[in-house]
2 protein chains.
Amino acid sequence: MDTAISAITATDGVTLQRRAYDELRRLIMQGLIAPGQKLSIRGAAHALGVSMMPVRAALQRLESEGALVGRGGKRVMGIPDLTADAYREIRAIRVELEGLAAERAAGQVTDAQVAATTAHCVRMQAAAEAGDRAEYIAANWDFHLSIYQACGMPTLVAMIEGLWIRVGPYVATMMPDRDALIRSMPAHWDIVAALKARDGRAARAGIASDIGTSGATLIAALERPRAAGKRRGQAK
Amino acid sequence: MDTAISAITATDGVTLQRRAYDELRRLIMQGLIAPGQKLSIRGAAHALGVSMMPVRAALQRLESEGALVGRGGKRVMGIPDLTADAYREIRAIRVELEGLAAERAAGQVTDAQVAATTAHCVRMQAAAEAGDRAEYIAANWDFHLSIYQACGMPTLVAMIEGLWIRVGPYVATMMPDRDALIRSMPAHWDIVAALKARDGRAARAGIASDIGTSGATLIAALERPRAAGKRRGQAK
DNA sequence: GCTCCCTTTTTGTGATCACATCATGCGGCG
DNA sequence: CGCCGCATGATGTGATCACAAAAAGGGAGC
């Protein structure tokens, strides 16, 4: 089996389509579904060990969120292509939304939440120095999420998550090298400092700076002509 | 039949679930599904004249977008309650997103697009003076949409639509009176002027002003204690 | 008259099946 | 040797059915 999809089981009150959605979402976020890989309802259903129905609902929901797109005449689904222009758009939106979230969070964050965010930043620092990309990505997400959740705006956090899932498959694939990871850390510590100072303006500026610098690396990778071997991999 | 849902038919290449989704979305947007009204899969399927399957997919998608919410222990769906706080959150997000869209649009809008936006503003002006709320709402949406589409950011436009559908049922229900409609017009004309001048900063400010003033009316209505007769209406 | 419990109905979830459509591969013909 | 056509398989869509859980309705007991 050349897919990362593993079987799910029915548990207590959680519906199968919810478990299928969560599992597929996690795989996409972590870049375990390669761009170009084809996902069919029957194939994913077989890999997950359930019937077509819950998988169909999960895939349709992921499609409505932009995490997947109908490919080859809507016949099969796959990771949407991310052009440099599309990413520039997402980046511009992120600056607005995550800037807003950070600004609001700075105004009402508790000491405990600042401590949690700081801990995530320490994790990022360690992962960057160790060159552990997967850990860096996970810690980076936890870091940002811990800030945004502190603003008490659930709709906003959900929208931000919807943006991250679109770039997730690509940041996981084309990750910058160790030096770039280390260079990204000062901006993150600036954000922590802004939170500690309860400075909303500085927090927004720090987020914008972080998005801008990390985005530059990804845009460069996206504009680089793709490798030859594409359209590989099959679900089942 | 005490519901506004009317039957849909299969046409050429459009899937039934797409037609069901579009129809239900339109009804929600226009406030034709009252808050508190219960929507069941079987009931809506019967009203639409199709089986449960396409309706189920449509309702699940609308739920994932926040346009509907599982009510009464996820047993039945309905319009989500809109608290004043929830609306304040949406309003804050709208200021960022629609401000961004207007700012970008002002920088690259064509003369033809400005003319179309102006025409929608004229429609709004006429509807406001005539006290035609339904026409005002429709023209207002066309006005804003024509601006946002000019910025060439499809993801951003989709996100803005996702915000409008959440407040749609309530703006259609608790609409301000004629005087408030007329008072809202100068801000809209300011936006048109900003577009003509290709002034991005002014366009963003105009949008923020419009959202702020129109939002004040709705917040006042939301904070007013609800009428007694709630939880009425049935689909089917 | 009110409350509690049991029966009936309604509802969402998931599985299986039927069907039209599209891709694919194989064989024959030029 | 290359190209076209047909047949076979794969796929998404939609319908129907089975099942468990939750809601609703009614009747008996206090």
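Convention: sequence-line order gives letters A, B, ...; per-chain numbering from 1. Quick note: numbers below take in every heavy atom, side chains included, and nothing from hydrogens, waters or symmetry partners. Since the structure is predicted, the reported quantities are computational estimates derived from the model, not experimental observations.
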Without decimals, in angstroms, what is the distance between [X] [atom1] and [N] [atom2]?
X     : N      : atom1 : atom2 : answer
B:R71 : D:dA22 : CZ    : P     : 19 Å
B:I41 : C:dT10 : CD1   : C1'   : 12 Å
B:M52 : D:dC17 : CE    : P     : 12 Å
B:R18 : D:dG12 : CZ    : P     : 18 Å
A:M53 : D:dG12 : CE    : P     : 14 Å
A:K38 : C:dA23 : NZ    : P     : 10 Å
B:Q17 : D:dA15 : CD    : C1'   : 13 Å
B:H46 : C:dT11 : NE2   : C1'   : 16 Å

All N/O pairs under 3.5 Å across the protein-nucleotides 19-21 of chain C interface:
residue : atom : partner : partner atom : Å
C:dT21  : O2   : A:R75   : NH2          : 2.7

Testing D:dG12, C:dT16, D:dA15 for proximity to the side chain of A:S40, the answer is D:dG12

Listed nucleotide nearest any side-chain atom of A:Q60, set D:dT11, C:dA15, D:dT13 = D:dT13

Main-chain N/O of B:V157 paired with B:Q149 side-chain donor or acceptor, under 3.5 Å = no

D:dG14 base / A:R56 side chain donor-acceptor hit below 3.5 Å | yes

Nearest-nucleotide comparison on DNA chain C, the residue closer to the 5′ end among A:P54 and B:M77 = B:M77

Show your reasoning for whether side chain to side chain contact (heavy atoms under 4.5 Å, CB included) applies to B:D81 and B:R71.
-> CA-CA 10 Å; B:D81 287 332; B:R71 298 203 142 276; 3.0 Å; yes

Step by step, would you call B:D210 with B:H144 a side chain to side chain contact (heavy atoms under 4.5 Å, CB included)?
-> CA-CA 11 Å; B:D210 176 34; B:H144 284 266; 2.9 Å; yes

Do you know which of B:L222, B:T83, B:I93, B:I219 makes side-chain contact (heavy atoms from CB on, under 4.5 Å) with B:R88?
-> B:I219

Heavy-atom side-chain proximity of A:E89 to B:P154 below 4.5 angstrom | yes

Given the options B:R166, B:R94, B:R25, B:E161 meets salt bridge (charged side-chain N to carboxylate O under 4.0 Å, His left out) only with B:R25

Would you please test A:W164 and A:E98 for side chain to side chain contact (heavy atoms under 4.5 Å, CB included) and show each step?
-> CA-CA 11 Å; A:W164 278 63; A:E98 300 184 29; 2.9 Å; yes

